[in-house]
Amino acid sequence: MTAETTAPNATAGDDAGAVPLLGLEPDDLERRIGSFMEEAGEPSFRTEQVVNWVYDQCALDFDEITTLPTELRAEAGRRFSLTAVEPAYTARSEDGTIKHLWQLEDGEQVESVLIPTEDRLTLCVSSQAGCALGCRFCATGHFGFNRHLSTEEITAQFRNAQRAARREYDREITNVVFMGMGEPMANRDNVFPALTVLNRGFGIGARRITVSTVGLVPGIRALTERPENFGLAVSLHAPNHDLRQEIMRIEKRFPIPELMEAIREYQAETGRRVTFEYLLIDGLNDSEELADQLADLCADLDCFVNLIPFNPIPAVEWEPTPDDRVAAFARRLHRNGVSAAVRQPRGRDIAAACGQLRLEQSGEGEDAE
Ligand code: SAH
Ligand code: SF4
């Protein structure tokens, strides 16, 4: 592993009152840049130049838009802002995974992770600083909730990570998943416009953008109503009410039957395969009987189960399920006709599981057992 720390520095365009361009839906952005150019007496092709620099070149500030006259760049930098996140820390795993810790303007820090495979380059983004839902296995949950991320703080993670992807791998991001810190469905006001920006602005196909939720039913319904058919992943982690409510508080508010109903509606409307995330925790949720219960839940759905070996966190004493029993759990699902795979942990050497880099950097987890 290699790592470096970069001190956050101010960039032109951060003036109070400047309109954050990455927070606007693409049509709105074009309209506003259009009227700015018109007021400045500039030809309309200038608008296209800026739109291209924002989304295709992933500009960090107006000084990079060298096709614009210097004066115009300075004026645009006063009216609009492009900077919302600064790199605070970068960690590179031996397996190619790159994790960024981003510093926001008020000092909050959130993570994103770039995960390269042969045919994909997936970016995992954060949607909140912390999380209010308090799932017992989750490092972010143990921090509690600090605040929602704004739309531009979400899309700027993409913009910055895309620049890193081009530089470090000479590749483009192909997929985006909302599986970093926070619960995206608890921050729909900012996450839903960010989906539009990623899709129509940065050009990531809706089929390649997946929202992962702990199971907030109104959020699943709202995603179903979007015409684009974005992907849905649901963190299930237990197949029955008693066990699930022991490890995830959300089960009390939206119990499994109601959750499954919303998932079925999503599937009927979008025709898309749903992903279930299922952590395997030693002796807790990994018996073959529970695999059968999980298979029963999957019976009338087109779904895929992602089995994830639990990554230990200081706050609980749980251990990951040993490999042979992970394999047995997967076999049991297969025998029941359920598609499932064990997700290879990526970036273990750089603490790439949810919330864990921030935990290391802040020292918050250092002296806990
Ligand atoms: N709030 C959303 C998205 C962020 S959490 C959700 O819960 O789906 C995304 C994923 O992080 C969870 O599904 C879980 O699979 C993973 N995760 C959380 N804590 C983990 C841990 N200790 N070890 C391994 N994966 C973990
Ligand atoms: Fe929040 Fe997801 Fe972690 Fe649960 S697993 S605490 S919903 S981030």
Side-chain angles (χ1 to χ4, degrees), residues 97 99 110-113 115 122-149 154 157 176-188 191 194 209-217 219-220 223 230-238 244-254 259 262-263 274-282 284-286 304-321 326 340-348 350-360 365 368:
T97 302
K99 183 154 186 163
V110 296
E111 308 163 354
S112 72
V113 190
I115 307 155
T122 302
L123 175 70
C124 174
V125 293
S126 294
S127 57
Q128 300 178 311
C131 182
L133 290 158
C135 301
R136 286 182 62 197
F137 49 79
C138 174
T140 306
H142 284 277
F143 285 127
F145 176 69
N146 288 352
R147 70 170 173 85
H148 293 304
L149 298 194
I154 297 168
Q157 292 172 60
V176 179
V177 294
F178 283 74
M179 283 186 194
M181 295 163 66
E183 167 52 41
M185 296 305 198
N187 183 18
R188 267 157 39 211
V191 167
I209 300 175
T210 299
V211 179
S212 176
T213 178
V214 70
L216 292 184
V217 165
I220 296 174
L223 194 71
F230 292 109
L232 173 68
V234 176
S235 292
L236 199 60
H237 307 316
R244 194 164 189 262
Q245 73 171 357
E246 230 180 79
I247 60 175
M248 299 167 79
R249 296 201 311 242
I250 195 65
E251 175 65 19
K252 292 192 177 72
R253 250 169 85 201
F254 299 111
L259 174 61
I263 294 170
V274 173
T275 303
F276 286 117
E277 311 283 328
Y278 196 100
L279 279 178
L280 285 166
I281 304 170
D282 190 21
L284 188 85
N285 64 351
D286 56 0
F304 184 85
V305 179
N306 245 331
L307 297 170
I308 310 159
F310 171 64
N311 212 327
I313 58 167
V316 287
E317 283 169 6
W318 297 331
E319 295 293 331
T321 299
V326 169
V342 180
R343 195 205 280 165
Q344 290 313 317
R346 299 291 303 262
R348 271 251 156 115
I350 57 166
C354 186
Q356 294 192 347
L357 179 62
R358 197 181 84 167
L359 196 70
E360 276 199 352

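Remember, it's 1-based here, ligands and their atoms both numbered in the order they're listed.
For a threshold of 3.5 Å applied to N or O pairs, the pair formed by C138 and ligand 1 contains no separation below that value. In terms of N/O distances under 3.5 Å, ligand 1 is approached by E183.
The distance from ligand 2 to the heavy atoms of F137 drops below 4.0 Å at these ligand atoms: 5 (S). Atoms of ligand 1 found under 4.0 Å from any heavy atom of G182 (numbered from 1 in listed order, with element): 1 (N), 2 (C), 3 (C), 4 (C). Proximity to F178 (heavy-atom distance under 4.0 Å) selects the following atoms of ligand 1: 3 (C). Within the listing of ligand 1, atoms 6 (C), 7 (O), 8 (O), 12 (C), 13 (O) sit less than 4.0 angstrom from a heavy atom of S235. Heavy-atom proximity to G141, at under 4.0 Å, picks out these atoms of ligand 2: 6 (S). Counting the atoms of ligand 1 from 1 in the order shown, those under 4.0 Å from a heavy atom of L279 are 23 (N), 24 (C), 25 (N), 26 (C). Below 4.0 Å from some heavy atom of I308 lie the following atoms of ligand 1, by number and element: 15 (O).
Taking the side chain as every heavy atom from C-beta outward, P312 and P320 approach each other to under 4.5 Å. Considering only heavy atoms from C-beta on, F310 comes within 4.5 Å of V316 through its side chain.
Among H237, R343, M179, the residue whose heavy atom lies nearest to atom 14 (C) of ligand 1 is H237. Proximity annotation for atom 2 (Fe) of ligand 2: of P184, S235, G182, G182 comes nearest, heavy atoms only. The closest non-hydrogen atom to atom 4 (C) of ligand 1, taken over P184, G180, C131, P320, comes from G180. Of the candidates C131, C138, G134, it is C138 that places a heavy atom closest to atom 3 (Fe) of ligand 2.
Residues V110 and A129 come closest through the heavy atom pair CG1-CA, 4.0 Å. The shortest heavy-atom contact between L223 and G231 is CD2-O, 3.8 Å. The two atoms that bring A186 and L216 nearest to each other are N-CD1, 3.6 Å, heavy atoms only. Taking both residues in full, the closest heavy atoms of G130 and M181 are given as N-CE, 4.1 Å, listed atom of the first, atom of the second, then distance.
Sorted by first then second residue, the salt bridge (charged side-chain N to carboxylate O under 4.0 Å, His left out) pairs that include residues 306-316, not counting sequence neighbours, number zero.
Exactly one of Q245, R244, H237 qualifies for a side-chain hydrogen bond (donor to acceptor under 3.5 Å, both in side chains) with E251. That residue is R244. Paired with Y278 under the rule side chain to side chain contact (heavy atoms under 4.5 Å, CB included), one option of V305, D286, I308 passes, and it is V305.
Here T213 has backbone heavy atoms under 4.0 Å from ligand 1, and that is the only part of it that gets that close. Residue-level proximity to ligand 2 for C135 is carried by backbone and side chain together, each with a heavy atom below 4.0 angstrom.
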Step by step, work out the side chain to side chain donor-acceptor pair (under 3.5 Å) result for S127 and E183. CA-CA 6 Å; S127 57; E183 167 52 41; over 6 Å; no
